[in-house]
Amino acid sequence: MEAHTTLAALVMPPFLPLLGLLLAFVLWCFPAASPFAKLSLPLAILSFAVLWVCATPAFSSWLGERLDRISPAPEAVPQAVVILGGGRYRDENSGNERVSATSLERVVRAMEKAPRQLPLMVSGGRVYEGERAPEAELMAGVIQELFQRPVTWRENCSRTTAENAVNSAALLHGSGVESVVLVTHWWHMPRAAEVFARSGLQVQPLPVGTSAELLPRAQSGLLRWLPSAPALLRTQVYWREWLARRWYHWTALPPVRSSC
């Protein structure tokens with residue numbers, strides 16, 4: 001999965017515009033009369049402009065709004081609640097692990113809004129080498145300790161959203177479940193809902209948040225166009241989702257991953 005993460009980083013800002021700036025510097029080192037040297041300034045300006053725009057709240061909000069489109073949910077009555085893992089925090093010295101803020105938000109959303117009578121599934125495995133507990137086990141611990149709710153299924157082997165879908169579908173179909181309430185963040189929901197539907201489950205989305213929360217009051221007016229680290233991070237997240245959604249559209253679902 002490290003290679004997968006590296007490839008994703010290569011096609012997202014800030015790497016590409018920074019690479020453009022580096023290439024512009026290399027071209028500038030050619031003799032002044034060289035056509036390569038003449039390209040250095042336009043390339044530097046373009047790369048700088050792309051990096052600036054990608055780091056603005058205005059652009060990250062625009063990209064997020066384009067992403068927030070979910071197909072209408074089927075009319076089937078849900079039979080279970082599926083909560084997707086969203087990462088973990090890990091102390092490199094002690095090895096202690098706990099659910100990330102993203103995972104915790106999804107758990108809390110499910111506890112607050114999902115029908116309480118439905119059985120719960122948590123889905124998420126070990127994504128990177130060195131991780132101890134599957135994400136599903138960490139989430140199940142939070143649910144049982146803080147909310148005193150039982151967890152019926154723990155899907156412990158998935159590393160990607162596609163594996164979340166096929167592994168969860170295999171477990172749920174074995175228990176006669178065909179329709180689920182799916183809990184994940186709003187920016188992840190379009191891709192997750194599509195791949196869960198492809199795996200044979202009817203999905204009723206229960207997203208955490210909405211795209212309406214993208215531009216807080218503190219980022220209005222001129223601040224919309226000033227670069228910031230949070231805006232660049234959001235751009236990375238939304239751009240990754242856009243690319244991954246297209247990738248899933250053109251590729252086959254992975255096989256069920258049973259060994260982890």
Side-chain angles (χ1 to χ4, degrees), residues 1-12 66-88 102-103 106 110 118-129 131 134-137 139-140 151-208 237-260:
M1 292 305 297
E2 284 81 359
H4 182 273
T5 303
T6 301
L7 289 174
L10 294 179
V11 295
M12 292 190 300
R66 305 286 83 71
L67 190 67
D68 188 20
R69 296 172 182 173
I70 305 175
S71 300
E75 297 296 329
V77 177
Q79 300 167 281
V81 177
V82 179
I83 309 171
L84 300 186
R88 74 187 72 208
T102 301
S103 294
R106 295 175 184 182
L118 297 181
L120 298 175
M121 164 180 274
V122 287
S123 178
R126 300 177 183 87
V127 179
Y128 300 108
E129 185 178 352
E131 292 178 338
E135 288 182 21
E137 295 295 338
M139 290 190 294
V151 176
T152 305
W153 302 279
R154 305 182 188 198
E155 188 284 295
N156 291 327
C157 293
S158 59
R159 301 164 299 175
T160 66
T161 303
E163 289 183 355
N164 284 146
V166 295
N167 287 9
S168 297
L171 288 173
L172 293 172
H173 286 156
S175 299
V177 174
E178 302 293 335
S179 179
V180 300
V181 174
L182 184 63
V183 184
T184 188
H185 277 75
W186 66 268
W187 39 262
H188 185 230
M189 183 62 77
R191 176 163 62 108
E194 287 177 1
V195 75
F196 266 75
R198 286 178 60 192
S199 70
L201 291 170
Q202 295 179 328
V203 175
Q204 178 178 314
L206 181 58
V208 177
V237 171
Y238 306 151
W239 183 240
R240 181 181 184 277
E241 284 300 316
W242 190 89
L243 290 176
R245 193 174 179 187
R246 270 67 188 169
W247 175 259
Y248 279 8
H249 179 76
W250 294 107
T251 57
L253 291 176
V256 174
R257 188 168 187 262
S258 55
S259 61
C260 50

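Every value quoted in this text rests on a predicted model; they were computed, and no experiment measured them. Values reported hereafter were calculated over all heavy atoms of this structure, with side chains retained and with hydrogens, waters and symmetry mates removed.
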Ignoring hydrogens and angles, state whether a donor on the side chain of N167 or S158 is under 3.5 Å from an acceptor on the partner side chain.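 Per modelled atom types, N167 and S158 side chains form no pair under 3.5 Å.
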Is it true that the side chains of T102 and H185 contain a donor and an acceptor less than 3.5 Å apart?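 Side chains of T102 and H185: no pair found under 3.5 Å.
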Is the backbone of [Y] close enough, under 3.5 Å, to the side chain of [X] for a donor and an acceptor to pair up by distance?
| X | Y | result |
| --- | --- | --- |
| E155 | C157 | yes |
| E137 | P134 | no |
| H173 | A169 | yes |
| R198 | Y248 | yes |

For S175, side-chain hydrogen bond (donor to acceptor under 3.5 Å, both in side chains) partners two or more places apart: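 In terms of side-chain hydrogen bond (donor to acceptor under 3.5 Å, both in side chains), with neighbours along the sequence ignored, S175 is linked to W153.
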Using the ring-ring contact (aromatic ring centres under 6.0 Å, His included) rule, take Y238 and W186 through it: C-alpha gap first, then chi angles, then the decisive distance, then the call. CA-CA 11 Å; Y238 306 151; W186 66 268; 5.5 Å; yes
Measure the [atom1]-[atom2] distance between [X] and [Y] for me, rounded to the nearest 0.5 Å.
| X | Y | atom1 | atom2 | result |
| --- | --- | --- | --- | --- |
| I83 | E135 | CD1 | CD | 12.5 Å |
| L201 | Q79 | CG | CD | 9.5 Å |
| F196 | S179 | CZ | OG | 12.5 Å |
| S123 | M139 | OG | CE | 7.0 Å |
| E241 | R191 | CD | CZ | 4.0 Å |
| L243 | R246 | CG | CZ | 8.5 Å |

Applying side chain to side chain contact (heavy atoms under 4.5 Å, CB included) to V181 and V82, what does each step give before you reach the verdict? CA-CA 6 Å; V181 174; V82 179; over 6 Å; no
Under a 4.5 Å cut-off applied to non-hydrogen side-chain atoms, are [X] and [Y] in contact?
| X | Y | result |
| --- | --- | --- |
| V208 | W187 | no |
| L120 | L118 | no |
| Q204 | L182 | no |
| V166 | P254 | yes |
| V180 | M121 | no |
| R240 | V237 | no |
| V122 | L84 | no |

Tell me the closest heavy-atom pair linking [X] and [Y], and the distance in Å.
| X | Y | result |
| --- | --- | --- |
| S103 | G85 | OG-C, 3.9 Å |
| R88 | G125 | NH2-O, 3.1 Å |
| V177 | A80 | CG1-CB, 4.0 Å |
| R159 | R126 | CG-O, 3.5 Å |
| T161 | A192 | CG2-CA, 3.9 Å |
| A110 | L206 | CA-CD2, 4.5 Å |

